[in-house]
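Data block below; observations after.
Naming convention: chains lettered A, B, ... in sequence-line order (proteins, then strands); numbering from 1 in each chain.
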Amino acid sequence: MTAYILRRLLYAIPILIGVNLLTFVLFFVLNTPDEMARMQLGEKRVTAAAIANWKREHGYDQPLLFNEAAPGLAKVTQTIFFQRSVKLFAFDFGSSDNGRAIGYDISQRMWPSLAIAVPVLLVGLALNVSLALFIVFFRATYLDLGAVVLLVAMMSISGLFYIIGGQFLLSKLFHLVPISGYDTGWNAWKFLILPVIVGFIGGVGSGARWYRTLFLEEVSKDYVRTARAKGLTERRVLFRHILGNALIPILTGVVVVLPLLFMGSLITESFFGIPGLGSYTIDAISNQDFAIVRAMVFLGAVLYILGLILTDISYTLVDPRVRLQ
Amino acid sequence: MRVGAALLALSLALPLAGCGKAPWNDPYPAGEGLTNTLYASFSERPKHLDPVRSYSADEYAFLAQVYEPPLQYQLLLRPYQLAPLSATQVPVAHFIDAQGQALPDTAPAEQIAYSDYLIHVRPGVRFQPHPAFARDGSGAPRYHRLTASDLRGINRLADFPDTGTRELTAADFAHQIKRLAAPWLHSPIAGVMQEHILGFRELGERLAAADTLDPVARVQALREARLDGVEVVDPLTLRIRVIGKYPQFVYWLAMPFFAPMPWEAELFYAQPGMQERNIVLDWYPVGTGPFMLTENNPNLRMVLSRNPNFWGETFPTQGMPGDAAAGLLKDAGRPMPFVDRAIYSLEKEDIPRWNKFVQGYYDSSGISSDAFDQAVRIGGDGGPSLTDEMKSRGIALLTSVETSISYLGFNMLDPVVGGYTEQARLLRRAISIAVDYEEFVSIFANGRGLIAQGPLPPGISGYREGEGGINPYVYQWQDGRPVRRGIEEARALMAQAGYPGGRDAKTGRALSINYEAVATGPDDKSRLAWMRKQFDKLGIELVIRSTDYNRFQEKMQNGTGQVYMWGWNADYPDPENFLFLLYGPNSKAEHQGENASNYDNPEFNALFDRMKYMEDGPARQAVVDQMMAIARRDAPWLWGFYPKGFSLHHQWLFNANPNKMANNTLKYRRVDPVLRDRLRREWNPPILWPLWGLLGLGLVLVLPALWMVRRRERSTAL
Amino acid sequence: MPVMPVILWTDALVFLLLAIGLGFALYASRHEHLRAPWRRVARSRVGMCTLVVLACYCLIGVLDTIHFRLPLADQVSQPAGRQFGPEVLSLLDAWATPLRQRQEKTYSAPFATHLFVKEAITQPDGSVIRDYPPLRYGGQHLKDPSQRGWDIVATALRGLIGGLAVWGSIVAAILWRKARRRGLTLSVMFAQARAARTEVPWRTVLGTLAAMLVLGFVAGTLALKYHILGTDKVGEDVFFQALKSIRTGLVIGTLTTLVMLPAAVLLGIMAGYFRGWVDDIIQYLYTTLNAIPGVLLIAAAILMLQVYMANHAEAFESLVQRADLRLLFLCLILGVTSWTGLCRLLRGEALKLREADYVQASVALGVGHFAILGRHILPNVLHIVMITLVLDFSGLVLAEAVLSYVNIGVDPTMNSWGNMINSARLELARDPVVWWSLAAAFLFMFTLVLAANLFADVVRDAFDPRLRGAR
């Protein structure tokens, strides 16, 4: 087990290097350091000297990937790519192009993202599973058909409509919750109600439907028939046997997304004015702050790989037949 | 889903039921509305709060409340007038010739080698409480030699327990001017000041050597550096020597660039370990102003609190005729500031911001284009008034023409639309007539704009009202107002220019012009479609090349565009600040100036050189008129329009009248928190029937389902 | 009138897609393992009903894909050296010319006769009043605006009759053909279809067709007189915009899968078949791509395209070309972010197939690797490709809307539901609310995505034997 995890971690390194290189290339195809400088220095009265100065100060005056002028190994090391990537692997994100410490900002903005993502995940999981069980209980009736059509219909509505509609109804017409905003600590709860509701409703269509398929797959298996033959009530069969057996795919599905919860949700966060990591990334893209973009991509990649490893581990924990080589 | 809805209704209803009478949708902690606090919003997180670098209105909204430059703009007087702030009076230039001899005030500009400005610092002004001034028992600075262990547990500025203060001296001003020259601080006006302040360029070159030093050493180097043009005469007097004659210099003294900066603060922030904690001067300003920034969380909110050490400026007693009757001088002579705190919340989206304003959670608001009809009704006479809904809430509307211009420019370097031939001029003129800016303003700005007849907006000396001020090439004076010339006339001009029906008479090809657009928002699509429609009237195909703002700037820098839309926001209320946008030596492509059209007419340039040294008066007006006539004839721009600012205020906010030049207006504002709290409760009663309805619906759906479960259970059990 | 055909990049690809679709249909009809599931689809009522809806959308989309330029007005009769206007039109544009050209000044509500906002109107006597000005086109055939209600009903009835007439002839044609083929009389065939005794649920198909035709005709006749879904900020007909958006939605939904397909299929089956280092490289490739947040990749690609177009401005003269290229690029980059899923599925399937006896036998007989891949593996994973294609479609249509919100979607000048929603966001804050753009986008998008989702379900059930008995 330990050896396996270690191997997977080592395997992550080339992936992270690849991600880093790709981000780097993508970003610098778009933005020359000159443009970044102009962006940071403001709009009015920017001189060429000021731009050169800024570039030198932020280490953007070196060649991007390959330094012709430098001797030997320094051809590779004295480049923007090398200088700025190495530190990432030690999780030292440095400071953003406008001078804020990125590590600090991430540690601050992580919590609002989690405050939305975790309730959405938990509420969604609980409600979706119970809803799916409910539907499966009534399988092959008109209730089943109606519920599935309703779920498909809900799935077919763009998430933007839910957000716009939620804000309009709950906040503007009924004055029940604040329209947008955030506060620190426990005061945040009233700002979270709406995003969590919207997040849940937006996801219920696909979520409940997926769980329904999972349960239906189980329902047709032999052990269920045996259980029924024993004379167990339908309810017991559903909750004991089917739910228990379907837990494996449910759990692994959850585990994959766990690490990515940190990354926040881009759309929800910017609509509701929540200062999480999602809006951090969007802002960085629009401000062309390469340092932040790269840090967030790196973090995202690390969490993604973490998710993959966690999934594998959770397989072994849930199902003893699976062994990791 | 149905179960979910019911559960949700429950989960919503239960925790909220205990909240009492306070509105449920209050985005602030309960009871806070009763404090003497002003609530506002900001949409862009400020990039810089160091007065050396900051150069945008968003940042000035905070910065100008904290830092006090020597001068400010008088609140009520028009045209805009300078008034002393941290200086005791508005300085007057003393002219000196090359030999160092004093010259009379009437000396011609060629003789003047230097102008001296003597700034008398207001005595008794003290900085806000700040750890940089804290002293230990022996009187030595307490936090100037911080070690890593001292910084343990410190994440914000407020985590430093001790604070101190110090009286403002002329040296603080001098230090700031030297900071402007420091290459590592990237001041956007360093380039401009090199031209004007004696020895500024040399200082910048000398300081370049210090660039590689560590931050603390750089502060020391800066303190020791000498700037020839700036001299501390005595602790409360500063002399600034400006090269040649530069009457606009006093306006710069009203901008935060020239606010005093204590060296202690700079040294304090430069210490190792501060940058990693984001405790930097760029984020935590140190000033003498009426407020200090006590919470700086640009991801969420910024809080300005009253500066206990404020020197006690009083509300101005002078106003325009009628101001006293309008109640604008009610607070005259009372010490400012009036509010204890101002909370600015981050609000990126227009819709939530507007709704929160209507619900009473922001004290004032601009009006986005789409909320306009909800708030404002344009009366039969064209004057704006509030809708009944707004009136019933006691909201007040204030309007003013901004000191800025939004224009459509031609690139004069372009072989088709540019150039100074009669043909090109006629083409530009035809387009000027065809692009119906009245319609533009009415669709895209809800009529919140004054059609421009030239580059100078009203409120700037040199602006002419009435028939004498119209652009005769595009407008006719009819029935006491300017009327745009007909499209037929434009088509005739096209034919004269050699493009009958929009087709090149020589080649027979349809004329197509590139429009460099910045398209980012959802509104841009309709704007671009509209613009195409305008050019289409002349048979010209408008090719829209839309990019992001950065790319757009680069294109402008290269001078490769054809037609573009841009704007300019005045730095100071002087015609020079607008006309220099058309001054040849200031062209963007060649000299990286602000003349994005690269307009270069020798006659105009010569007149500009004369105009910029003149004092306001009839002589200057005559020169400006001449320049306007030339510019209108050449038509390098479609003059576009001057945006009008509309702002709304709740009845509990006082002294909110707009002053487009002044940024430090928070200190004038007064609120009535009791009234605010009452109205917020009145306006935001939670409406509960949907919840009960949802709950009821849930029950109606769930109960039969439960019953069915039972029945099924029994039937399968059989 | 002579026209100059214009083939945009996405047009070419759409035609290619149609060709592939036809080719696949021919191929499938000759292979029982592919024909059987499709027959199951054809027997499903939901499947056929949604198929009719989808076909209507596709028809509009295809009409909007055939582009051309018209000659300049004064040169139509000129035989040679004719000059063509700069505007690129599609068949749909030409067909809906009245809708396209009847632009009002700004907002007007559905079926309105006056603008939605008050304006200063100069009276004949010179005084200025503030009122709702009459529209330039919408409802201007009415002498008395108070008769609008009756006029709408009358016009709608005319449309209804037209729709039913067309429907009737189509029904007759189809049934007559079927009847002749089976040697039945028309009346027997009709009775069979009505009683739903046919194998293909013709009753459902024709019923849906009736609904679509009637809706289309009623909307069409009304649209000639009114703006049935109102007008937007610059006075463009919202109904027309929604129609134009159909192509955008369809192109994103289908071309994305098309462009990613070769890479996903090739790499996926190669990884599964060859294993070893090939597998390692391909896995590395898709894990790396997957690890980068999609939004960032898309933002980067879109910005990159803009830079490219800015630097090569002369190559992209018309707005339509630029918008088209951006759309294509968006498809490409969405493809890059979404091919990994399919690739992984195919790899798994290929791993299994590789061990199958007939593949082992072919290997033993010395058949070349690529021949095996093409002859044995590829045909056996086609159903997975099929299911993914259908399942991804609706997700991609929805994704377009979200991307437009972050300003990295299709070109802002292009008609798309995302752009409509995006601008409608601001309109919702108006009071009275301008709801029709949002409603139109919602309606059109919802119908398409719902139909696609239901159809996808049917297709999956038909192809995926595991789930067949479950319902």
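By the side chain to side chain donor-acceptor pair (under 3.5 Å) test, B:Arg301 is found to be paired with B:Glu295, residues two or more places apart in sequence or in another chain being considered. Residues satisfying the side chain to side chain donor-acceptor pair (under 3.5 Å) test with A:Gln108, not counting sequence neighbours, are none.
Partner A:Pro178 forms a side chain to side chain contact (heavy atoms under 4.5 Å, CB included) with one of B:Pro23, B:Pro352, B:Pro27 and no other, that one being B:Pro27.
Looking at A:Tyr182, the atoms closer than 4.5 Å to chain B (heavy atoms on both sides) sit in the backbone and in the side chain alike. Heavy atoms closer than 4.5 Å to chain A are found in both the backbone and the side chain of B:Pro183. With a threshold of 4.5 angstrom between heavy atoms, B:Trp689 approaches chain A through side-chain atoms but not through N, CA, C or O. In this structure, chain B has a heavy atom under 4.5 Å from the side chain of A:Asp283, while its backbone stays farther away. Only the backbone of A:Leu173 comes within contact range of chain B, judged by heavy atoms closer than 4.5 Å. Interface remark: B:Glu276 contributes backbone atoms only to the contact with chain A (heavy atom separation under 4.5 Å).
The line from CG of A:Leu176 to CG of B:Asn684 is 11.0 Å long, rounded to the nearest 0.5 Å. Interatomic distance, B:Arg277 CZ to A:Tyr104 OH, rounded to the nearest 0.5 Å: 10.0 Å. The CD1 atom of A:Ile274 sits 12.5 Å away from the CG atom of B:Asn299 when rounded to the nearest 0.5 Å.
Side-chain contact between A:Ser171 and B:Asn25 is absent, with no heavy-atom pair separated by less than 4.5 Å.
Across all their heavy atoms, B:Tyr28 and A:Lys190 have their closest contact at O-NZ, 3.2 Å. When all heavy atoms of B:Asn278 and A:Ala101 are compared, the closest pair comes out as OD1-N, 2.6 Å.
By the 6.0 Å contact criterion, CH2 on A:Trp111 is open, its count of non-hydrogen atoms from other residues, nucleotides or ligands being 12 or less.
Counting heavy-atom pairs closer than 4.5 Å to chain A, the top-ranked of the candidates B:Asp26, B:Asp282, B:Val358 is B:Asp26. Options A:Phe271, A:Phe191, A:Phe272 differ in how many heavy-atom pairs under 4.5 Å they form with chain B, and the most are formed by A:Phe191.
Side chain to side chain, A:Ser180 and B:Lys348 fail the donor-acceptor criterion of an N or O pair below 3.5 Å.
Side chain of B:Gln359 to main chain of A:His175: no donor-acceptor pair is present (N/O by atom type, distance under 3.5 Å, no hydrogens or angles).
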